Amino acid sequence: MTLTDDAGAGPLAVIHRLLEATNKHDLESLAECFAPGYVNETPAHPTRGFTGRDTIRSNWEQLFTGVPDIKVRMVSHSVSADQVWTELHMQGAWRDGTPHELTGVVIFGVEEGAINSARFYMEPVEHLPRVVDTADRVSHRVTHGRPATREAPAEAAR
């Protein structure tokens, strides 16, 4: 399937409805994209998983309130039977002006015109100065973006 397929049929159409409802901040239409027994998994953060359409509604209600200009766009996608693999980019600003930006992959399971599962691989976008020194770049990765502490050789020997 492609973005030009029939907008009313197939799993990709459900994802398009979800994106449209999200960008319009239409909470009820967004919630209707999900099956009542929806299951969300976040493999990198297992405790963040949840179930149910009501939880979706509650989470997005809070997000629409906290990030009133939030928009989501699909960067890329692939459809295989009842699964839609999406690369998504979400952007807006919290009410205090702090940027809110996530990007990553969500794998949606779609059945009978509703999303019944999703595996989230979305992460905050880091806007840090570019690191050109290889040692600093490796240190940055190892510390997950937190400044690395470097001891002077004499201090390390103590």
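Note that the coordinates shown come from a computational prediction; the quantities given were computed from them, not determined experimentally. Residues take their numbers from the sequence shown, with the count starting at 1.
Of all the heavy atoms in A31 and R57, the pair that sits closest is CB-NH2, 3.6 Å. Minimum heavy-atom separation, P11 to D82: CG-CA, 4.4 Å. Closest heavy-atom contact between T65 and R95: O-NE, 2.7 Å. Considering all non-hydrogen atoms of both residues, P43 and F120 come closest at CD-O, 3.5 Å.
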Walk me through it: do H25 and I70 pass the test side-chain contact (heavy atoms from CB on, under 4.5 Å)? CA-CA 8 Å; H25 295 206; I70 194 163; 3.5 Å; yes

Dump the intermediate steps for side-chain contact (heavy atoms from CB on, under 4.5 Å) on T22 and W60, then the final yes or no. CA-CA 9 Å; T22 302; W60 277 97; 3.7 Å; yes

Derivation of the side-chain contact (heavy atoms from CB on, under 4.5 Å) call for M74 and L19: CA-CA 8 Å; M74 185 163 41; L19 295 176; 3.7 Å; yes

Run the side-chain donor-acceptor check on residues 99-114: report pairs under 3.5 Å with partners two or more places apart or on a different chain.
from: E101; atom 1: OE1; to: H127; atom 2: NE2; distance (Å): 2.6
from: E101; atom 1: OE2; to: H89; atom 2: NE2; distance (Å): 2.9
from: T103; atom 1: OG1; to: L88; atom 2: O; distance (Å): 3.2

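Atom OG1 of T42 and atom CE of M122 lie 10.5 Å apart (nearest 0.5 Å). Taking CZ of R119 as the reference point, atom CD of Q83 lies at 9.0 Å (rounded to 0.5 Å). Taken to the nearest 0.5 Å, the CD atom of E87 stands 12.0 Å off from the OG atom of S78. In this structure, R17 CZ and S29 OG are separated by 9.0 Å, a value rounded to the nearest 0.5 Å. Here the CG-CG distance, from N23 to L30, works out to 10.0 Å after rounding to the nearest 0.5 Å. The distance from the CD1 atom of I15 to the OG1 atom of T86 is 6.5 Å, given to the nearest 0.5 Å.
In this structure, H16 and H77 have perpendicular ring planes: the angle between them is above 60°, well past the 30° mark.
Note on V39 and Y121: separate hydrophobic clusters, where clusters join Ile, Leu, Val, Met, Phe, Trp and Tyr whose side-chain heavy atoms are under 4.5 Å apart, directly or indirectly.
Counting only distance, with no hydrogens or angles, the side chain of D69 and the backbone of A93 share a donor-acceptor pair below 3.5 Å. N116 places no side-chain N or O within 3.5 Å of a backbone atom of G37 that could act as its donor or acceptor partner.
With a 4.5 Å cut-off on side-chain heavy atoms, L63 and W94 count as touching. Looking at heavy atoms from C-beta onward, K71 lies out of side-chain contact with Q91 at the 4.5 angstrom threshold.
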